[in-house]
Every structure is written in C-alpha cells, then in structure tokens.
Amino acid sequence: MQSKDHIFAAPIAQLGDFCFDQKVAEVFPDMIKRSVPGYSNIISAIGMMTARFARPNSQLYDLGCSLGAATQEMRRNLTQPGCKIIAVDNSAAMLERARSHLAAFKSDAVVELVEADISDIAIENASVVVLNFTLQFIAPERREALLARIYRGLNPGGVLILSEKFISADDTVNELLIELHHDFKRANGYSELEISQKRTALEKVLRPDTPEQHKERLRRVGFSQVDLWFQCFNFGSMVAIK
Ligand SMILES: Nc1ncnc2c1ncn2[C@@H]1O[C@H](C[S@+](CC[C@H]([NH3+])C(=O)[O-])CC(=O)[O-])[C@@H](O)[C@H]1O
Ligand SMILES: O=C(O)C(=O)Cc1ccccc1
C-alpha cells in the first residue's frame with residue numbers, strides 16, 4: 001500500500017530540519033512524485049543510459065538510493081553479464097524499505113544494499129554512477145571531493161548521471177522557476193502551508209548550486225564531456241562522461 005504525504009499538512013510549532021526518517025520513508029514515493037517535476041522521466045532515462053553504458057564485469061552505483069527506484073530501473077535494463085549494482089543510503093529507514101521493495105521484483109542481477117555515508121564507500125571498476133537528487137544534501141565543501149572519488153572510480157567511457165534541484169544565476173529567472181515549482185506542487189494537491197513549511201525545513205539541508213557551478217566542478221575533477229540532458233523548472237539532470 002502506498003501512503004500519501006501529509007508530513008507538512010498541519011502547522012508545526014517547532015519546525016526542525018528536514019531529514020530522511022521513518023515518516024518520510026513511509027510516504028517517499030508519493031512525496032517525490034508530487035514534488036519533483038520530471039522525476040519519472042529521469043528514472044526512465046537512468047534505465048536507458050544503463051543499457052548503453054554498463055560494461056560486462058563492472059560495478060554500477062546508486063548513491064543515495066532511497067527506496068531504490070533508480071536501482072530497480074538500472075537492474076531492469078542491465079543485460080551485460082557479471083555486473084553488480086551497489087545501492088547506498090545512510091538512512092536506515094530508507095534502506096530497510098528499499099530491501100523489501102527490491103525483493104518484490106524478480107531479477108538475476110546482483111544488487112548489494114549498503115547502509116553508509118556515500119563519502120565513506122569505495123568506488124571502483126564503475127561503468128555507471130547515479131547521484132539522483134543526492135549531491136544537493138551533501139555539505140557544499142564536501143561535494144568536489146566526492147565527485148573526484150567518483151571520477152577516479154569510473155572506468156574510461158563510464159558515465160555519471162547527476163540529477164539536482166538548481167538555482168538560477170539570474171535572480172528573475174530564479175524566482176520564476178521557484179514559483180513554477182510551487183505551482184507544480186499546488187497542482188499536485190499540496191497546500192500553501194505544506195509548501196512553505198517544507199521550504200523552511202529544507203533551507204539548511206538542501207543547498208542547490210547553479211547548473212554552471214555543477215558543470216565547472218565536474219570539469220575540474222576531470223570529466224571531459226559534461227552537459228545538461230534534462231531540465232524542468234528548477235530541477236534537472238546532467239551527464240558527465242569519463
Ligand atoms: N551522505 C549521505 N550518504 C548516503 N545517503 C545520503 C546522504 N545524504 C543524503 N542521503 C540520502 O539521499 C537520499 C536523497 S533522495 C534520493 C532519491 C533517490 N535517488 C531516487 O531516485 O528515488 C532525494 C530527495 O528526497 O530529494 C535520501 O534517501 C537520503 O537518506
Ligand atoms: O519538495 C521540494 O520542495 C523539493 O525540493 C524536493 C524534495 C523531494 C523530496 C524530499 C526532499 C525534497
């Protein structure tokens with residue numbers, strides 16, 4: 001059974017920082033679908049890129065896997081032999097649910113679920129690395145080191161798919177994209193209170209960069225081919241090829 005997201009529906013007297021606890025894990029598929037424009041298109045494209053970039057006997061990483069939506073799409077599209085998908089999240093509540101969610105599908109592909117901080121795991125022999133709306137939650141000063149480790153762990157020709165909430169360098173466009181995102185949330189049934197309480201709860205934990213900052217940082221760590229392949233309002237996804 002899928003539960004609906006009412007987390008910010010009632011007034012919260014002492015609004016804390018947003019975190020990926022049991023309550024969020026329970027409603028996560030509904031929350032992400034109603035909150036992130038383009039989410040399902042991005043998940044499908046992760047499957048399509050997996051089919052193209054996965055190499056026999058290599059590893060595929062889903063970093064910040066939540067309930068494993070991208071992992072499942074990667075697994076469904078993986079035909080190359082000898083591969084392993086390593087799905088990592090540091091929320092015990094998310095990982096527990098990812099385990100049962102992924103067990104519900106039949107598959108021969110090997111999936112390893114790891115409860116860890118993505119900055120602490122080894123990344124090696126990788127053909128595909130997915131950061132689907134995860135880098136934005138990493139402290140800004142730690143982002144470049146993480147991307148450099150991903151770059152080192154990728155084999156030549158390997159791909160990083162990086163999806164993020166963005167800010168725009170132009171203040172007027174930035175405001176417009178944020179308003180359009182809020183329109184999207186209203187159209188999906190969120191109230192003004194839900195939108196504003198979640199916005200406040202996310203302020204200190206989700207720190208977006210501009211697409212330009214992402215591109216420059218990806219090039220600095222060594223990626224030679226970098227571009228945005230999808231954007232809807234202030235959400236988008238990039239590819240970076242080693
Ligand atoms: N340092 C960290 N180490 C490990 N996990 C982390 C860390 N920081 C945050 N997370 C985890 O990153 C995930 C971000 S959600 C990803 C959606 C998913 N990729 C999807 O395709 O459905 C995006 C969102 O909710 O906007 C959460 O599960 C956190 O626990
Ligand atoms: O809901 C929002 O405003 C977002 O920015 C997206 C989101 C989706 C799920 C968890 C945290 C943030």
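Given the structure is predicted, the values throughout are model-derived calculations rather than measurements.
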Original post:
Can you tell me how far CZ of F184 sits from SG of C232, rounded to the nearest 0.5 angstrom?
Top reply: 7.0 Å
**OP:** First locate atom CD1 of I32, then atom CG of L67, and finally report the distance between them rounded to the nearest 0.5 Å.
**Re:** 9.0 Å
Original post:
Got a second to check how far T200's OG1 is from F18's CZ, nearest 0.5 Å?
Top reply: 13.0 Å
Original post:
Which residue pairs pass the side-chain hydrogen bond (donor to acceptor under 3.5 Å, both in side chains) test with at least one member in residues 167-178, sequence neighbours excluded?
Top reply: none
**OP:** Decide if the gap between the ring center of H214 and the ring center of F166 is smaller than 6.0 angstrom.
**Re:** yes
Could you give the side-chain donor-acceptor pairs of residues 148-163 under 3.5 Å, partners two or more places apart or in another chain?
residue: R149; atom: NH1; partner: I121; partner atom: O; Å: 2.7
residue: R149; atom: NH2; partner: I118; partner atom: O; Å: 2.9
residue: R149; atom: NH2; partner: S119; partner atom: O; Å: 3.0
residue: Y151; atom: OH; partner: G222; partner atom: O; Å: 3.2
residue: N155; atom: ND2; partner: N125; partner atom: OD1; Å: 2.9
residue: S163; atom: OG; partner: N132; partner atom: OD1; Å: 2.6
residue: S163; atom: OG; partner: S237; partner atom: OG; Å: 2.9

Subject >> Residues in salt bridge (Lys or Arg N to Asp or Glu O under 4.0 Å) contact with R199, at least two apart in sequence or another chain >> reply: none
Original post:
Which side-chain hydrogen bond (donor to acceptor under 3.5 Å, both in side chains) pairs, counting each pair once, include a residue from residues 49-73, with sequence neighbours left out?
Top reply: S58-S127, Q59-Y61, D62-T71, Q72-R75, E73-R76
**OP:** Measure the shortest side-chain to side-chain distance between R34 and K4 over non-hydrogen atoms and say whether it is less than 4.5 angstrom.
**Re:** yes
**OP:** Answer yes or no on whether R97 is positioned over the face of F28, meaning its NZ or CZ is under 6.0 Å from the six-membered ring centre and within 45° of the axis.
**Re:** no
Original post:
Minimum heavy-atom separation for A201 to L15, with atom names?
Top reply: N-CD2, 4.2 Å
**OP:** Check whether any side-chain heavy atom of F235 lies under 4.5 Å from a side-chain heavy atom of F133, and answer yes or no.
**Re:** yes
Subject >> Residue pair D89 / E96, side-chain heavy-atom distance below 4.5 Å >> reply: no
Subject >> With sequence neighbours excluded, residues passing side-chain contact (heavy atoms from CB on, under 4.5 Å) with D183 >> reply: L180, R186
Original post:
Between I42 and M31, is there a shared hydrophobic cluster once you connect ILVMFWY residues whose side-chain heavy atoms come closer than 4.5 Å?
Top reply: yes
Original post:
Among R219, R217, R220, which residue meets the salt bridge (Lys or Arg N to Asp or Glu O under 4.0 Å) test with E144?
Top reply: R220
**OP:** Determine the interplanar angle of the F20 and F137 rings, folded into 0 to 90°, and report it as parallel if under 30°, tilted if 30 to 60°, perpendicular if over 60°.
**Re:** perpendicular
Just list the side-chain donor-acceptor pairs under 3.5 Å for residues 104-113, sequence neighbours left out, or say none.
residue: S107; atom: OG; partner: A109; partner atom: N; Å: 3.0
residue: E112; atom: OE1; partner: K84; partner atom: NZ; Å: 2.7

Original post:
Taking the side chain as C-beta and beyond, is there a heavy-atom pair between N77 and I46 under 4.5 Å?
Top reply: no
**OP:** First locate atom CD of Q136, then atom CG of L206, and finally report the distance between them rounded to the nearest 0.5 Å.
**Re:** 4.0 Å
Subject >> Main-chain N/O of A10 paired with Q197 side-chain donor or acceptor, under 3.5 Å >> reply: yes
**OP:** For the residue pair L228 and Q231, establish whether any side-chain heavy-atom pair is separated by less than 4.5 Å.
**Re:** yes
